[in-house]
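Below is one structure, written out as structure tokens, with a few remarks after it.
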Protein chains: 2
Amino acid sequence: MGDHPLSEQDTVALIELMFFAYRDFVSDPDGILGQYGFGRAHHRVLHFVGRDPGMTVQQLLDILQITKQSLGRVLKELIDKGYVFQKEGETDRRQRLLYLTEAGEELRQRLMGPQMNRIRRAVALPEGSAAHLYRKVLYHMVSPANREAVRDWIDRASLLGEPKDGG
Amino acid sequence: MGDHPLSEQDTVALIELMFFAYRDFVSDPDGILGQYGFGRAHHRVLHFVGRDPGMTVQQLLDILQITKQSLGRVLKELIDKGYVFQKEGETDRRQRLLYLTEAGEELRQRLMGPQMNRIRRAVALPEGSAAHLYRKVLYHMVSPANREAVRDWIDRASLLGEPKDGG
DNA sequence: GAAATTACGTCAGCCATGTTGACATATTTA
DNA sequence: TAAATATGTCAACATGGCTGACGTAATTTC
């Protein structure tokens, strides 16, 4: 079942939909971020730190796949403006564990709202269980070399109900 | 059926997958583009012009949703390096209709190859008809205000088998 | 205990690609 | 003839990537 490859037509349509969907997907947060003098890069940091409070700088770099210099710039701004703070690691005092302040968590939620609505709207189709399939499809669109890291993140993140510390 | 909204957990996982998937989705073309001294912006122009040869500059602007100054820069480079050429409109001589040269079409195909593989791989799941659902999901992730334009594009592009002109 | 490695920060400069605002030219429409 | 349209271009600026180099504190290794 289902190993008829997609037609060229259909495949190209999906490529283009990926472009349009992503463009609009990030447009809501972009508008909010502007009010704070932030950009997309700040959003990513807020999001992932909020999901995994106490993560190290290196862990964040691994997820974002950018250089520490790029991260440094936005991280500094988030800290200076009071949305993120750092704590010295207890077992390894070289580490600067990352946490959101209350304002940071509020902003993170505010940014996530429209995207959650968008996802829920998109997945709430008469066909029903679109969510499961969609998740699989997006997962398989990640490069094989990155899948373990992505799966680790998703698995680990799903365990992070309560903040570990840092208030 | 299926109007139970997605759990917060699942929704956030999809938001993150969208980020990871898009990041990797554009990574293959990025590598190729580097060899030509081009970037993502050039890719978009090559792609859409190749899909709709003879389109006007304004049509391209509407699809990309960028300013004409931004487009102007990359378009000029693509023309100077011989991947795109322009033809005066026949009915309206103010227009500069856009076409790919042979080199442009070759590069476009080369850039599209890895993305087609990626989509086909992602959609070829045991569940079978993921493609249809996936298309719907991505479509519904486009902002309502943009859906008509996106649908128009997809519909129109599906009719463009043969180039209209321009050799 | 000295040396190497690691985690992190920072300075400086470069590049790609988006933005706004202003202005010019040719052509079409009213 | 006047106004609107399609396109191009100049200048300045912002964001967020990048490389390369260097510094410091802490940990690990020999």
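Please read these numbers as outputs of a predicted model, since none were measured by experiment. Excluded from the calculations below are hydrogen atoms, water molecules and symmetry mates; all remaining heavy atoms, backbone and side chain alike, are included. In what follows, every chain begins at residue 1, and chains take the letters A, B, ... in the order their sequences are listed.
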- prompt: Yes or no on ring-ring contact (aromatic ring centres under 6.0 Å, His included) for B:Tyr83 and B:Tyr99, after CA distance, side-chain angles and deciding distance?
  reply: CA-CA 9 Å; B:Tyr83 296 89; B:Tyr99 299 89; over 10 Å; no
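- Contact annotation for B:Gly72: no contact, since no heavy-atom pair falls under 4.0 Å across all strands.
- Between the side chain of B:Thr56 and the main chain of B:Gln95, no donor-acceptor pair closer than 3.5 Å is present.
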query: When you check every protein heavy atom under 4.0 Å of nucleotides 22-30 of chain C, what one-letter string (B, S, -) results, 5' to 3'?
result: B---BBS--
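- Nearest-nucleotide mapping onto DNA chain C: of A:Arg73 and B:Ala41, the residue sitting toward the 5' end is A:Arg73.
- If you take CD of A:Glu77 and P of C:dG9, they are 14 Å apart, rounded to a whole angstrom.
- Ring pair B:Phe25/B:Phe20: centre-to-centre distance not below 6.0 Å.
- Using modelled atom types, one finds a donor on one side chain and an acceptor on the other under 3.5 Å when comparing A:Arg110 with A:Tyr36.
- Looking at heavy atoms from C-beta onward, B:Leu97 lies out of side-chain contact with B:Glu88 at the 4.5 angstrom threshold.
- To the nearest angstrom, C1' of C:dG9 lies 12 Å from CG of A:Leu61.
- Look at B:Thr67 and you won't find any side-chain N or O under 4.0 angstrom from OP1 or OP2 of C:dG18.
- For a distance-only test at 3.5 Å, the side chain of A:Arg40 fails to qualify as a donor-acceptor partner of the base of C:dG18.
- When rounded to the nearest whole Å, the span between CG of A:Leu97 and C1' of C:dC8 equals 12 Å.
- The nucleotide range of DNA chain D contacted by chain A, defined by atoms under 4.0 angstrom from heavy atoms of the protein and reported 5' to 3', is D:dG16 to D:dT27.
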